[in-house]
Amino acid sequence: MTQTYISDIAAQEGQDVELRGWIYNFRSSGKLKFLQLRDGTGVIQCVMSKKNVPEASWEVGEKLTQETSIIVHGTVNKDDRAPSGYELWVSDVELVGESEDYPISPKEHGDAFLLDHRHLWLRSSRQHAIMRVRHNVIKAIRDFFDDRGFINLDAPIFTPNAAEGTSTLFETEYFGDKAYLSQSGQLYMEPGCAALGKVYCFGPTFRAEKSKTRKHLTEFWMLEPEVAFMDLDGCMELGEDLICFIIERILERCQMELKTLERDVSKLEAVKTPFPRIHYQEACDLLVKKGTDFTPGDDFGAPDEEALSEGYDSPVIIHRFPTKIKAFYMKCEADDPETSLSCDFIAPEGFGEIIGGSQREDNAEILERKIREHDLPREAFQWYLDVRKYGSFPHSGFGLGLERTISWICGVRHVRECIPFPRLMHRLKP
RNA sequence: UCCUCGGUAGCUCAAUUGGCAGAGCGGGUGGCUGUUAACCACUAGGUUGGGGGUUCAAGUCCCUCCCGGGGAGCCA
């Protein structure tokens, strides 16, 4: 008999089917057993009556523990008493693999314990829902750019130098030389867009900063599109279109998962273009008015971000930050070198910055001066300067943090639940 | 690096002023034909993170080290 998946069970009402999976939970009333079986696609209640199964099957039933793997045959039955609305009337059960002392009981657990058992934690319904949303966000991102004629041009992970010269890098040995794990693919996307017009990279990036907050991972996934002849306005439009596309896709395909996560879906349905755009100076005035202990001229802290996004359903775009608090490669206003053509997208509900972008400096002389001012080694950036030497052109791009985006969409407070195996400052296992 | 909170049974937590170290879940045994985090009875389970100190007496007070959570800085 061929295997049926629980996600397809509704179409099999009244049929005899074979399910293969793991015991999620079970209850017994003497001669009647209720098994919650999961197979990765869903969970279904299996009802086993002593008088309706062979003795060998009943004995298997007596030995079941949490996460025992089994093959079960039975008839699909619609019943409102079953948690999913359908249940399986069991005709026989076959033991596949025993499970002794499964550590994650159906009661609550602490974060540290769950993270230590991340490989098992992924079997629980909440994690399951988050991983399904993650999958769909990734698919939506790729579809969005594919439909717009972008080329996926991935950047290297081993890099010879610091991309922005600010963040701490993970150093590794490279045949007797030093190499660093990439903290951004952006510098590689700039020559990329000169070659192919519209490109994006999408892969893991690494930050060795000693940040222990719910918004930080040492290894996270970042999407970085870069477009030739696109200015800052185009960059902000691309970002908001992308986010709306992702949200619409998730609302369309992940209603079950959002329900499992108890996400207030109306918050996501309210996300609409155009997103509010606030000039940095205007944001400073707002913060002073709101009374956060913010110093105008500085970058925003987490409480400032939350104050700025307050009252908006869509992410808020803050644009034109002071040049001195932004990366060296960002272009300045033509008539105001103190102001950079930059933008940050701050998600609603306190989920923080999800996009950082800018128009890039396309003037070779200005860029060389900035590299000097930031004390960066010019030789290391020769190839990057070549983008300006051979047919320079205006161009822009941004970076979107995948896990932060998922965290917002799922309403999950901590990014560590938004990646299968999180890497944190104090955690490299499992 | 700094601030802050914490570490007690496999897990989540309690333990009054310093006075016999406990509960729920999970495990084990038995019972129950419609359970929904099932329920009922019984049962096993402890170097209270490590070391040192004060005291008749320390989970509790002091010193020190280790480990972890939240946050700051930095960033997506």
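Remember, predicted model here, so these are calculated numbers, not experimental data. Proteins come first, then strands; the chains are lettered A, B, ... in the order of their sequence lines, and each starts at number 1.
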Interatomic distance where [atom1] belongs to [X] and [atom2] belongs to [N] [whole Å]:
X: A:Lys63; N: B:U29; atom1: NZ; atom2: P; result: 12 Å
X: A:Asp101; N: B:C11; atom1: CG; atom2: C1'; result: 12 Å
X: A:Asp298; N: B:C75; atom1: CG; atom2: C1'; result: 15 Å
X: A:Lys210; N: B:C75; atom1: NZ; atom2: P; result: 17 Å
X: A:Ile104; N: B:G10; atom1: CD1; atom2: C1'; result: 12 Å
X: A:Lys50; N: B:G34; atom1: NZ; atom2: P; result: 16 Å
X: A:Asn52; N: B:G34; atom1: CG; atom2: P; result: 14 Å
X: A:Asp304; N: B:C74; atom1: CG; atom2: P; result: 11 Å

- Task: Report the relative orientation of the aromatic rings in A:Phe113 and A:His117; use parallel for angles under 30°, tilted for 30 to 60°, perpendicular for over 60°.
- Result: tilted
Inter-nucleotide [atom1] distance ([N], [M]), Å rounded:
N: B:C13; M: B:U17; atom1: P; answer: 22 Å
N: B:A9; M: B:U48; atom1: P; answer: 10 Å
N: B:U12; M: B:G27; atom1: C1'; answer: 16 Å

[N] phosphate, OP1 or OP2, under 4.0 Å from [X] side-chain N/O:
X: A:His426; N: B:G68; value: yes
X: A:Arg427; N: B:G68; value: no
X: A:His117; N: B:C11; value: no
X: A:Arg416; N: B:G70; value: yes

Exercise. Which one is paired to B:A72, where only Watson-Crick or G-U wobble pairs with both distances under 3.5 angstrom count?
Worked result: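 Check on B:A72: paired to B:U1, both distances under 3.5 Å.
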Under a 3.5 Å limit on both distances, the Watson-Crick or wobble mate of B:C56 is B:G19
Judged by nearest nucleotide, the residue sitting upstream toward the 5' end of RNA chain B, A:Glu353 or A:Val47, is A:Val47
Walking RNA chain B from its 5' end, the first of A:Asp111 and A:Glu87 to be reached, judged by nearest nucleotide, is A:Glu87
Next item on the list: Would you indicate what A:Pro103 reaches in the nucleic acid, counting non-hydrogen atoms under 4.0 angstrom: base, sugar-phosphate, or nothing?
Entry: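 Nothing: the residue A:Pro103, judged by heavy atoms under 4.0 Å, touches no strand.
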| message | Should the side chain of A:Thr213 and the base of B:G70 be counted as holding a donor-acceptor pair, with the cut-off at 3.5 Å? | response |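 It does not, because no donor-acceptor pair links the side chain of A:Thr213 to the base of B:G70 below 3.5 Å.
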A:His216 (side chain) and B:C75 (base): donor-acceptor pair under 3.5 Å: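 Side chain to base: pair present.
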For this session: Would you check if A:Phe202 and A:Phe145 make a side-chain contact, meaning some heavy-atom pair closer than 4.5 Å?
Result: no
Are [X] and [Y] close enough that a side-chain donor and a side-chain acceptor fall under 3.5 Å?
X: A:Ser358; Y: A:Arg360; result: yes
X: A:Gln66; Y: A:Ser105; result: no
X: A:Arg249; Y: A:Asn136; result: no
X: A:Asp39; Y: A:Thr41; result: yes

